[in-house]
K.L.:
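Encoded as structure tokens, here's the structure I'll be asking about.
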Amino acid sequence: MEEQKRHHPEGGNKGPLDLMPLFAKELLAGGLAGGFAKTVVAPLERVKILFQTRRAEFQSTGLIGSAVRIAKTEGLLGFYRGNGASVARIIPYAAIHYTSYEEYRRWIIQTFPDVWKGPTLDLVAGSLSGGTAVLFTYPLDLTRTKLAYQIVSPTKLGASGMVNNEQVYRGITDCLTRTYREGGIRGLYRGVAPTLVGIFPYAGLKFYFYEEMKRHVPEEYNKSIMAKLTCGSVAGLLGQTFTYPLEVVRRQMQIQKLQPSDNAELKGTLKSIVLIAQRQGWKQLFSGLSINYIKVVPSAAIGFTVYDTMKLYLRVPSREEAAVEN
């Protein structure tokens, strides 16, 4: 009753937030969390993609050298090349990811009340939600990678769209259109297999570790921003470590058509892992991992924290409250 008075101080009159459906609140909270977190770490994401795909050009120069090269070649905005596609993808991706996680979690509890409880529930719901979000937004992830792969000053881009015999795209729409013309729907989903193979364990483990760590936070710190940031950081770090080689395979498959044609074609997730290890060395499967650690800690921390904070602001009932209402 006290809770209701706090939310409706004028005696039961419902405001816009109270009229908003639960799934809409979760979509909004998830989308804002994803977009904000992705923009914060965009420069590190750009360098990481170049490490994963332009091995000879960037790995020898290191993180600082790569950053300097990007700044000299493309200016400050170069660190955000492809970020428009990334944010355009991450907002619906995160919205679907977080919302479907909550929906899958509720569905599992209702359908199998005596089977899955505790961390296993978060692992399964997180895995399913990750796969669902990927299938809806993958073409934008492909576009983001292709745009980030490009190293070219905007003034050098000719009418042909070619620079130094490399295909160069002018933006998100141009990239999506030309990719579809070249390969159809299959072209837009090139590399989706290793993405799904990687996202199932990564998304599951991320939610598993986050929720499990939150269970061990003392009750008086449950709403602490620092507690959420810490739990989110560790969850993202552990989840990414186990699945990183699959991300390298995905990135290389995505930009394969942009590379010289004499390179062996990557087909199949496991075969691609073996081929990359044979041709480029097993260390390539972990190329950019150190940068990813720097990136994933703030990204996961900010994402989870903004999501939980937005749920409080939007008055999304806690799982305990929802269970009582049901």
Side-chain angles (χ1 to χ4, degrees), residues 24-53 67 70-71 74-101 129-130 132-152 154 168-180 188-189 191-192 195 198-199 202-203 206 229 232 236 240 247 250-251 254-255 288 291-292 294-311 313-314:
K25 292 181 180 181
E26 290 171 345
L27 279 171
L28 180 59
L32 288 174
F36 186 73
K38 182 62 74 174
T39 300
V40 169
V41 301
L44 289 169
E45 178 74 9
R46 175 83 200 282
V47 176
K48 185 195 72 174
I49 289 176
L50 293 172
F51 264 57
Q52 292 173 332
T53 56
I70 292 171
E74 306 172 72
L76 183 60
L77 291 179
F79 290 102
Y80 289 87
R81 180 180 290 277
N83 190 55
S86 185
V87 171
R89 177 193 74 92
I90 202 64
I91 289 178
Y93 174 88
I96 294 170
H97 190 20
Y98 284 108
T99 303
S100 60
Y101 164 74
S129 66
T132 301
V134 163
L135 289 174
F136 274 96
T137 61
Y138 186 79
L140 285 168
D141 181 54
L142 178 73
T143 300
R144 188 265 185 276
T145 301
K146 286 187 173 185
L147 292 175
Y149 175 77
Q150 298 175 174
I151 296 290
V152 58
V168 175
Y169 300 101
R170 299 174 182 276
I172 298 173
T173 304
D174 181 47
C175 185
L176 283 170
T177 302
R178 286 160 69 178
T179 300
Y180 179 74
L188 291 173
Y189 278 86
V192 73
T195 304
I199 199 64
Y202 172 64
K206 186 174 69 171
L229 284 170
Q240 186 72 80
E247 182 177 349
R250 169 172 61 109
R251 296 297 186 193
Q254 287 175 336
I255 54 88
I291 300 174
N292 210 49
I294 300 173
K295 183 207 80 167
V296 80
V297 169
S299 179
I302 292 169
F304 276 123
T305 302
V306 172
Y307 178 62
D308 278 351
T309 303
M310 284 301 300
K311 284 202 301 181
Y313 174 76
L314 295 171

K.L.:
Quick one: salt bridge (Lys or Arg N to Asp or Glu O under 4.0 Å) partners of R89, sequence neighbours excluded?
P.N.:
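Once residues adjacent in sequence are excluded, the partners of R89 under the salt bridge (Lys or Arg N to Asp or Glu O under 4.0 Å) criterion are D141.
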
K.L.:
Kindly write out the residues that satisfy side-chain contact (heavy atoms from CB on, under 4.5 Å) with A94, not counting sequence neighbours, or none if the list is empty.
P.N.:
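Result, side-chain contact (heavy atoms from CB on, under 4.5 Å) vs A94: Y98.
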
K.L.:
With sequence neighbours excluded, tell me which residues meet side-chain contact (heavy atoms from CB on, under 4.5 Å) with S299.
P.N.:
A37, V41

K.L.:
Among all residues two or more places apart in sequence or in another chain, which pass the side-chain contact (heavy atoms from CB on, under 4.5 Å) test with Y180?
P.N.:
I185, L188

K.L.:
For residues S100 and T132, report the shortest heavy-atom separation together with the two atoms involved.
P.N.:
OG-CB, 4.4 Å

K.L.:
Check side-chain contact (heavy atoms from CB on, under 4.5 Å) between T195 and all other residues, then give those that pass, not counting sequence neighbours.
P.N.:
V134, Y138, R250

K.L.:
List the atom pairs, donor and acceptor, that lie under 3.5 Å between side-chain atoms in residues 24-36 and the rest of the protein, sequence neighbours left out.
P.N.:
from : atom 1 : to   : atom 2 : distance (Å)
K25  : NZ     : L17  : O      : 2.9
K25  : NZ     : L314 : O      : 3.0
E26  : OE1    : R106 : NH2    : 3.1
E26  : OE2    : R106 : NH1    : 3.3
E26  : OE2    : R106 : NH2    : 3.4

K.L.:
Can you list every pair that meets salt bridge (Lys or Arg N to Asp or Glu O under 4.0 Å) and has a residue in residues 29-43, with sequence neighbours left out?
P.N.:
none

K.L.:
Please name all residues satisfying side-chain hydrogen bond (donor to acceptor under 3.5 Å, both in side chains) with T179, sequence neighbours left out, ordered by chain then number.
P.N.:
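side-chain hydrogen bond (donor to acceptor under 3.5 Å, both in side chains) list for T179, sorted by chain: K146.
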
K.L.:
Which value, rounded to the nearest 0.5 Å, describes the distance between L142 atom CG and L147 atom CG?
P.N.:
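So the CG of L142 and the CG of L147 are separated by 9.5 Å.
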
K.L.:
Nearest heavy-atom pair of Y169 and C175: which atoms, and what distance?
P.N.:
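Between these two residues, the closest heavy atoms are CD2-CA, 3.5 Å.
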
K.L.:
With rounding to the nearest 0.5 Å, note down the distance linking OG1 in T177 to CD1 in I172.
P.N.:
11.5 Å

K.L.:
Check whether any side-chain heavy atom of F136 sits under 4.5 Å from a side-chain heavy atom of P92, and report yes or no.
P.N.:
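No, every pair of side-chain atoms sits at 4.5 Å or beyond.
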
K.L.:
Just verifying a value: how many Å separate T39 OG1 and I90 CD1, rounded to the nearest 0.5 Å?
P.N.:
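Going from the OG1 atom of T39 to the CD1 atom of I90 covers 9.5 Å.
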
K.L.:
Taking the side chain as every heavy atom from C-beta outward, state whether L176 and L140 have any pair of such atoms under 4.5 Å apart.
P.N.:
yes

K.L.:
First locate atom CD of E247, then atom OG1 of T145, and finally report the distance between them rounded to the nearest 0.5 Å.
P.N.:
8.5 Å

K.L.:
Please find the pair of heavy atoms, one from I96 and one from A133, that lie closest to each other, and give the distance.
P.N.:
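Looking at all heavy atoms of both residues, the closest pair is CG2-CA, 3.8 Å.
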
K.L.:
Which heavy atom in A67 sits nearest to a heavy atom in F79, and how many Å separate them?
P.N.:
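Smallest interatomic distance, heavy atoms only, reads O-CZ, 3.2 Å.
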
K.L.:
Could you tell me which residues satisfy ring-ring contact (aromatic ring centres under 6.0 Å, His included) with Y93, sequence neighbours excluded, listed by chain and number?
P.N.:
H97

K.L.:
So which atom in R46 and which in R144 form the shortest heavy-atom distance, rounded to 0.1 Å?
P.N.:
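Of all heavy-atom pairs spanning R46 and R144, the closest is N-NH2, 4.1 Å.
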
K.L.:
I need the minimum non-hydrogen distance between T305 and T309, along with the two atoms involved.
P.N.:
O-OG1, 2.7 Å

